Enquirer: 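Here it is, the structure in full.
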There are 2 protein chains.
Amino acid sequence: MAELLSTTYTRADEAFDCLQTAIVKGELAPGEKIGELELCSRFNLTRGPLREALGRLESRGLLVRRPHAGVKVVSVSASELMELYRIREVMEGLAARQAAERMTDQEIADLQATLDTHERMIDEAQGQAYYQAEGDYDFHHRIATGSRNSKLAQMLLGDLYYMVRMYRYRLSTSTGRPQRALGEHRRIVEAIAQRDGELAEFLMKRHINAARQNIEKKIQEGELTI
Amino acid sequence: MAELLSTTYTRADEAFDCLQTAIVKGELAPGEKIGELELCSRFNLTRGPLREALGRLESRGLLVRRPHAGVKVVSVSASELMELYRIREVMEGLAARQAAERMTDQEIADLQATLDTHERMIDEAQGQAYYQAEGDYDFHHRIATGSRNSKLAQMLLGDLYYMVRMYRYRLSTSTGRPQRALGEHRRIVEAIAQRDGELAEFLMKRHINAARQNIEKKIQEGELTI
DNA sequence: AGCGGCTATATTGTCAACAATATTGACTAA
DNA sequence: TTAGTCAATATTGTTGACAATATAGCCGCT
């Protein structure tokens, strides 16, 4: 996240970031058992800072640890993924409501500009899943931040999103309903621009609920395997 | 499958628990800067495991860390505490709804019995704040667990509650509105017993909202200082 | 042959010494 | 007097060695 102030980067921080992105990008597969010294050689550091990073990641739920038995990447079942979306639904609904009350006009303008960019990306990239996922993440990221609720933003950006992205990187090729999602995004921003918090919350909840149902359907149809 | 009771508790786990309870109980005051070796002598362990525990606590937001500058207990401002209650409102609302759908009849019966105990405690202890806080925590704990949403329970029990309790221990003497809270609890359980998830969610949200407004009022009246 | 207990090994947990850095205080100069 | 600089110090970050334990493979037993 935005560690603007402390220019000092400790080895443990480095390890934390490397591991987190490695997990999210799928370089470390869910359920995979990982040895400490293996990671040490991979990231060029010693076990002290590494273990500190492992502790942090475990605390955030990206790793599971068993004493003396090692660490493995968390594996989320299909039903657990659906539960994650239930949580997102209510939390991002709150974020949208508070964003409507608190975002500056400038932030809202930037958000609208962001959506224009996303639209061009969709047209140009013709369903390139990566850009869809990135655009979607960007949108939700801005609203979480715009809520001015630091704990809420921390929980969304520092916890849930990493977990969801971990699977979105893998699944986004199939989910693609970009123009519909973009339309939903536009309506949410509209509500925020009108400072209609209640409506923004409602639309955001419906948006995430639709995404959940979409994934659920694909899973049931066997198109997605988790 | 449930919890393979790893009877092995590592030193870091021990440090984590000790520190967490020390912070929650107020033995370590918010904003207080704490030295590592001071903690080592206090808990009889070395810096290795301690640092791992510190990392975990920082990741959960109970500690703030600045490289080479030390660790201090997080201090939550009044407005941030209010934001915490906003988050609780939507998350516990979800928990209540899912609990109404998923709790077993036995769990519901236990929950009702719990409320009877709370009622006796209120009568006997005549507003002893400690028991009120404990009873309240017990109630919310059971519902979070009853949601069968492991991530939701983890976020509530492992994150938010510690933060709220940290201030509740200090403020509970003044908040006391025990019989009203108990009545609200009873109505929530009633809705759960009737498997009315929508109503349970509504009542829970209103319950937490009332608690938030109560604290907010006391703060504005100057009765509480944070 | 199949199963249970045991030992060997590799991995994790812990420790104490070493290196790096932010803070504190004194000191100098305007 | 006050602001700024610099060095001394104490605290944090890091390292590599040591101790404890879970896993895996082997052996003997039923």
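Fair warning: this is a prediction, and the values are worked out from it, not measured in the lab. A, B, ... follow the sequence lines: proteins, then strands. Residue 1 opens every chain. When reading the values below, keep in mind they use all heavy atoms of this one structure, side chains included, and skip hydrogens, waters and symmetry mates.
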Enquirer: Could you check how far CG of B:Asp13 sits from C1' of D:dT21, rounded to whole Å?
Expert: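 For the pair B:Asp13 CG and D:dT21 C1', the rounded distance is 15 Å.
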Enquirer: Is there a donor-acceptor pair closer than 3.5 Å between any side-chain N or O of B:Arg212 and the backbone N or O of B:Tyr85?
Expert: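 Pair absent, no side-chain N/O of B:Arg212 close to backbone of B:Tyr85.
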Enquirer: Does A:Gly35 reach a base, just sugar-phosphate, or nothing at all? Heavy atoms under 4.0 Å.
Expert: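 Sugar-phosphate contact only.
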Enquirer: Under 3.5 Å, side chain of A:Glu32 to main-chain N/O of A:Ala29, donor-acceptor pair present?
Expert: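 The answer is yes, because a donor-acceptor pair under 3.5 Å joins these two groups.
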Enquirer: Rounded to the nearest Å, what distance is computed from the NZ atom of residue B:Lys33 to the C1' atom of nucleotide C:dT23?
Expert: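 From B:Lys33 NZ to C:dT23 C1': 8 Å.
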Enquirer: Where the side chain of B:Arg11 is defined as all heavy atoms beyond and including C-beta, which of D:dT12, C:dC15, D:dT15 is the nearest nucleotide?
Expert: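 That would be C:dC15.
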Enquirer: Are any non-hydrogen side-chain atoms of B:Glu27 and B:Arg42 less than 4.5 angstrom apart?
Expert: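 In contact.
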Enquirer: Rounding to an integer number of Å, can you tell me how far A:His68 NE2 sits from C:dA10 C1'?
Expert: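 Value for this atom pair: 12 Å.
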Enquirer: Would you confirm whether A:Ser59, through its side chain, and A:Gly55, through its main-chain N or O, come within 3.5 Å as a donor-acceptor pair?
Expert: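 The answer is no, because no donor-acceptor pair under 3.5 Å joins these two groups.
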Enquirer: In whole angstrom, give the distance that lies between atom CZ of B:Arg66 and atom P of C:dT21.
Expert: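 Taking CZ of B:Arg66 and P of C:dT21, I get 16 Å after rounding.
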Enquirer: Want to settle it: does A:Thr10 or A:Ala69 sit nearer the 5' end of DNA chain D, counting the closest nucleotide to each?
Expert: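 In this pair, the answer is A:Thr10.
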Enquirer: Could you check how far CD of B:Glu52 sits from P of C:dC15, rounded to whole Å?
Expert: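 Distance, rounded to whole Å: 12 Å.
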Enquirer: Quick test: give all pairs of protein nitrogen or oxygen and nucleotides 17-19 of chain C nitrogen or oxygen below 3.5 Å, distance rounded to 0.1 Å.
Expert:
none

Enquirer: So, is the end of the B:Arg60 side chain (NZ or CZ) under 6.0 Å from the ring centre of B:Tyr162 and within 45° of the ring's axis?
Expert: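 No; the conditions do not both hold, so B:Arg60 does not lie above the ring face of B:Tyr162.
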Enquirer: To the nearest Å, how far apart are B:Leu63 CG and D:dT12 C1'?
Expert: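 It works out to 15 Å between those atoms.
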Enquirer: Less than 4.5 Å apart, any side-chain heavy atom of A:Arg148 and any of A:Glu101?
Expert: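 No, side chains not in contact.
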Enquirer: Examine distances only and state if a side-chain atom of A:Tyr167 and a backbone atom of A:Val76 form a donor-acceptor pair shorter than 3.5 Å.
Expert: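 Side chain of A:Tyr167 to backbone of A:Val76: a pair is present.
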Enquirer: Any idea which of D:dT12, D:dG16, C:dG13 is nearest the A:Thr46 side chain?
Expert: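 Per side-chain heavy atoms of A:Thr46, the pick is D:dG16.
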Enquirer: Could you state the atom-to-atom distance from CD of A:Glu36 to P of D:dT15 in whole Å?
Expert: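 Result: 14 Å.
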Enquirer: What's the CG-C1' distance between A:Leu37 and D:dG16, to the nearest Å?
Expert: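 Roughly 14 Å, once rounded to whole Å.
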